[in-house]
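Order of the sequence lines fixes the chain letters, A, B, ..., with proteins taken first and strands second; residue numbering starts at 1 for each chain.
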Amino acid sequence: MPELPEVETTRRGIEPYVTGRRVIGVDSRQPQLRWPITENLAQELVGRRFKQVQRRGKYLLFAAGDKHLMIHLGMSGRLRVVPDTLAPGKHDHLDIALDSKQVIRFNDPRRFGSAFWLAGDPATFKLLAALGPEPLSDDFNGALLYRCSRGRSAAVKTFIMNAQTVVGVGNIYASEALHKACIHPARAAGRISLKRYQALAEAIKNTLQTAITAGGTTLRDYVGVDGGSGWFQLQLAVYGKNGALCPRGCGPIQSQNIGQRNTFFCPVCQR
DNA sequence: AAAGCGCCCTGAAGGC
DNA sequence: TGCCTTCAGGGCGCTT
């Protein structure tokens, strides 16, 4: 399941197949995902031409004129481009047929994903309106983290995974970035200095950018548009490495539940 | 306002 | 072999 690097990898992989293409058919087989798929999606989409594929946080936005098809991959969703002759399989919930004899196919076993038709400005849509800055943009930096965290008692890991703080930092990369910045994931967000937040912001940018370059992380579900896997899992320092030696040589990596999510860290170098 | 928890769903993995 | 339990990369929304 995708975090921001996987969504961005999907976006980059799918955009060349979509840009300039006209929609000639929509087949929705499972109306109920996280939310109901927009009912008249076929009416809205068929005949429109896609301009580009954008991303906001973990949401993909397929621009068609000034309106958008918005897709979230949830925990287990994936988008692929397949020939229009390929029959849909299990959990293939939505097909967008293009005038290239190809189909954008949305598969999502756990159905935590979603698909919406946005007729208005995406930025004003309820699920997007309250989102924090993009982590790879200049709007996101240590000063912002410091400012937003004052007085907050929540664990710093929970704080950076909150999409109102910054979008796109999921469970894997939160653990990885905190290790990189030597910050203990359970430390109260409001009790971290500006200097340390500057290191954390850099670590988040660096971790996400490196993961995008590697094509994302494949743990169990995630595969790219072409069905291939990402390779960032080979570079993970702490995630899923309970008991393994910290890369800095301190001692064994520990795991702990923080905010109901499994968290991995080194109790020696992360404070 | 912020924090904490439940919950949507399927499938893989591990224990017995 | 099979059954049962646990856990999984997200995130909204309700309650306290």
Atom C1', compared across C/dC4 and B/dC8: separation rounded to whole Å: 22 Å
Separation of C/dC12 C1' from A/Leu73 CG (nearest whole Å): 17 Å
Side-chain N,O (A/Arg110) to OP1/OP2 (C/dA8) below 4.0 Å: no
A/Pro109 side chain, from C-beta outward: closest of B/dG11, B/dC5, C/dG10: B/dG11
N or O in side chain of A/Lys90 less than 4.0 angstrom from B/dT10 OP1/OP2: no
Short side-chain N/O contact from A/His72 to OP1 or OP2 of C/dG10, under 4.0 Å: no
Donor-acceptor contact present, side-chain A/Ser255 to main-chain A/Phe264, <3.5 Å: no
OP1 or OP2 of C/dG13 under 4.0 Å from side-chain N/O of A/Lys126: yes
Assigned partner base of C/dT16, Watson-Crick or wobble definition, under 3.5 Å: B/dA2
A/Ser153 side chain near B/dA3 phosphate (N/O to OP1/OP2, under 4.0 Å): yes
Gap between atoms CD and P, on A/Glu6 and C/dA8 respectively (whole Å): 17 Å
Centroid separation A/His68 to A/Phe62 less than 6.0 Å: no
Whole-Å distance separating the CD1 atom of A/Ile160 from the P atom of B/dA2: 18 Å
Gap between atoms CG and P, on A/Asn107 and B/dC9 respectively (whole Å): 17 Å
Between A/Tyr173 and A/Tyr239, ring centroids under 6.0 Å: no
Sugar-phosphate, base or nothing in reach of A/Thr158, heavy atoms under 4.0 Å: nothing
Whole angstrom value for the distance that separates P of C/dG11 from CD1 of A/Ile172: 13 Å
Touch class at under 4.0 angstrom, heavy-atom based, for A/Tyr59 against every strand present: sugar-phosphate
Sugar-phosphate, base or nothing in reach of A/Leu33, heavy atoms under 4.0 Å: nothing
Closest to side chain of A/Arg111, choosing from B/dA3, B/dT10, C/dA8: B/dT10
Closest to side chain of A/Glu3, choosing from B/dA2, C/dG10, C/dG13: C/dG10
Given C/dC12, C/dG10, C/dA8, the nucleotide with the shortest approach to the side chain of A/Trp35: C/dC12
Sugar-phosphate, base or nothing in reach of A/Gln32, heavy atoms under 4.0 Å: nothing
Given DNA chain B, 5'-ward residue of the pair A/Gln260 and A/Cys148, judged by closest heavy atom: A/Cys148
Phosphate OP1/OP2 of B/dC9: any A/His91 side-chain N/O under 4.0 Å: no
Enclosure of A/Gln235 CD (heavy-atom neighbours >12, cutoff 6.0 Å): yes
Sugar-phosphate, base or nothing in reach of A/Arg34, heavy atoms under 4.0 Å: base
Minimum-distance pair of heavy atoms, taken over all atoms of A/Arg29 and A/Leu94: NH1-N, 4.0 Å
Spacing between A/Asn162 atom CG and C/dG13 atom P, to the nearest angstrom: 14 Å
Residue A/Arg152, side-chain heavy atoms: nucleotide from B/dA3, C/dG10, C/dC12 that is nearest: B/dA3
Sugar-phosphate only, base, or nothing, as touched by A/Arg261 at under 4.0 Å among non-hydrogen atoms: base
Which residues share a side chain to side chain donor-acceptor pair (under 3.5 Å) with A/Arg34, sequence neighbours left out: none
Nearest-Å distance for atom pair CD1/P, residues A/Ile258 and C/dA8: 13 Å
Nearest listed nucleotide, side chain of A/Phe112, among C/dA8, B/dC8, C/dG13: B/dC8
Any donor-acceptor N/O pair, A/Lys205 side chain to A/Pro135 backbone, under 3.5 Å: yes
Separation of B/dC9 P from A/Arg78 CZ (nearest whole Å): 21 Å
N or O in side chain of A/Asn171 less than 4.0 angstrom from C/dG10 OP1/OP2: no
Sugar-phosphate, base or nothing in reach of A/Asp108, heavy atoms under 4.0 Å: nothing
